[in-house]
Amino acid sequence: MDKELYAAALAVRQQAYAPYSKFNVGAAVRTADNNIYVGCNVENASYGLTCCAERNAIYAAIAAGEKKFKALCVVAATVEPVAPCGACRQVMSEFGINELFLANCNGKVIRKTLEELLPYSFSSDNLKKL
């Protein structure tokens with residue numbers, strides 16, 4: 001378990017903007033250079049405009065010029081560790097984030113690979129075959 005990544009995700013969870021669901025989520029992504037970027041979920045009254053913590057963390061890293069990643073941790077106040085939604089899984093696939101730490105606020109963490117959560121993913125490799 002990546003304790004530093006977990007701590008960063010847990011801390012940024014407090015910044016979530018979730019007035020509708022009250023479901024605060026934090027995420028942290030570690031780059032190939034060991035930099036950590038964080039994100040929290042940001043809701044909108046028009047639910048389709050809501051953005052998940054995982055994507056916000058990845059997008060923050062991309063905005064800072066990062067393109068290669070090692071791992072991502074996602075944290076929420078759930079009984080069991082929280083898992084990313086399908087859209088977030090697809091974004092993780094786009095950037096090759098294969099090592100995932102799913103966690104809750106009580107410190108329960110499970111390690112999964114993206115392949116386990118998103119088998120047969122659609123990726124840029126699929127487009128190269130066209």
Side-chain angles (χ1 to χ4, degrees):
M1 201 266 284
D2 188 323
K3 291 181 182 182
E4 187 179 19
L5 206 57
Y6 173 79
L10 186 63
V12 75
R13 182 183 162 276
Q14 299 302 315
Q15 303 306 318
Y17 178 75
Y20 308 105
S21 71
K22 311 287 191 242
F23 189 67
N24 293 7
V25 181
V29 65
R30 182 180 294 282
T31 69
D33 293 330
N34 286 316
N35 296 318
I36 293 178
Y37 295 86
V38 297
C40 58
N41 57 317
V42 179
E43 293 182 347
N44 190 285
S46 174
Y47 292 123
L49 298 178
T50 294
C51 194
C52 298
E54 300 93 312
R55 282 180 280 154
N56 279 331
I58 294 165
Y59 297 161
I62 295 296
E66 303 283 0
K67 299 289 188 289
K68 296 184 181 183
F69 301 92
K70 285 185 179 179
L72 182 138
C73 180
V74 58
V75 179
T78 50
V79 174
E80 294 299 319
V82 68
C85 73
C88 289
R89 294 174 194 200
Q90 183 59 44
V91 170
M92 289 176 210
S93 175
E94 178 72 19
F95 293 104
I97 304 170
N98 194 48
E99 185 174 27
L100 307 174
F101 298 99
L102 315 182
N104 67 16
C105 295
N106 296 325
K108 185 171 184 180
V109 180
I110 57 173
R111 183 191 173 279
K112 291 286 184 182
T113 65
L114 185 60
E115 175 65 25
E116 291 174 293
L117 296 182
L118 188 65
Y120 309 108
S121 67
F122 183 82
S123 70
S124 60
D125 289 338
N126 300 116
L127 296 174
K128 292 174 187 171
K129 296 174 187 174
L130 295 177

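- Between Ser93 and Leu114 the shortest side-chain heavy-atom distance falls below 4.5 Å.
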Enumerate, atom names and distances included, each donor-acceptor pair closer than 3.5 Å involving a side-chain atom of residues 57-70, sequence neighbours excluded.
unit_1: Glu66; atom_1: OE2; unit_2: Asn35; atom_2: ND2; d: 2.9
unit_1: Glu66; atom_1: OE2; unit_2: Tyr37; atom_2: OH; d: 3.1
unit_1: Lys70; atom_1: NZ; unit_2: Asn34; atom_2: OD1; d: 2.8

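- With a 4.5 Å cut-off on side-chain heavy atoms, Leu5 and Ile36 count as touching.
- Listed by first and then second residue, the salt bridge (charged side-chain N to carboxylate O under 4.0 Å, His left out) pairs involving residues 16-44 are Asp2-Arg30, Glu4-Arg30 (not counting sequence neighbours).
- Between Cys88 atom SG and Leu117 atom CG the span is 11.5 Å, to the nearest 0.5 Å.
- Lys112 pairs by the salt bridge (charged side-chain N to carboxylate O under 4.0 Å, His left out) definition with nothing, not counting sequence neighbours.
- Annotation: salt bridge (charged side-chain N to carboxylate O under 4.0 Å, His left out) contacts involving residues 46-61, sequence neighbours excluded, are absent.
- If you chain together hydrophobic residues whose side chains sit under 4.5 Å apart, Val91 and Val82 fall into the same group.
- Connection of Ile110 to Phe101 is not established within any shared hydrophobic cluster, with ILVMFWY side chains joined at heavy-atom distances below 4.5 Å, either directly or through further cluster members.
- Distance alone, capped at 3.5 Å, is enough to place a donor-acceptor pair between the Tyr6 side chain and the Gly107 backbone.
- The shortest distance between side-chain heavy atoms of Leu72 and Phe95 does not fall below 4.5 Å.
- For the pair Val74/Leu102, a side-chain contact is recorded, criterion being any heavy-atom separation below 4.5 Å from C-beta on.
- With sequence neighbours excluded, no residue forms a salt bridge (charged side-chain N to carboxylate O under 4.0 Å, His left out) with Glu116.
- In this structure, the separation between SG on Cys73 and CD on Glu99 is 10.5 Å, given to the nearest 0.5 Å.
- Listed here is the closest heavy atom pair of Arg89 and Ala83: NH2-CB, 3.6 Å.
- Residue Val29 is not grouped with residue Val75 when hydrophobic side chains (ILVMFWY) are merged at heavy-atom distances under 4.5 angstrom, including chains of intermediate members.
- Cys52 approaches Cys85 most closely through the heavy-atom pair SG-SG, 3.8 Å.
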Please list, one pair per line, the donor and acceptor atoms closer than 3.5 Å that link side chains of residues 9-20 to other protein atoms, with sequence neighbours excluded.
unit_1: Arg13; atom_1: NE; unit_2: Asn24; atom_2: O; d: 3.0

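- Of the possible polar contacts, one joining the Gln90 side chain to the Phe122 backbone as a donor-acceptor pair under 3.5 Å is found.
- Two different hydrophobic clusters hold Val25 and Val42 under the rule that ILVMFWY side chains link at heavy-atom gaps under 4.5 Å.
- When all heavy atoms of Ala103 and Thr78 are compared, the closest pair comes out as O-OG1, 4.4 Å.
- Formation of a donor-acceptor pair under 3.5 Å by the Asn106 side chain with backbone atoms of Lys108 is not found in this model.
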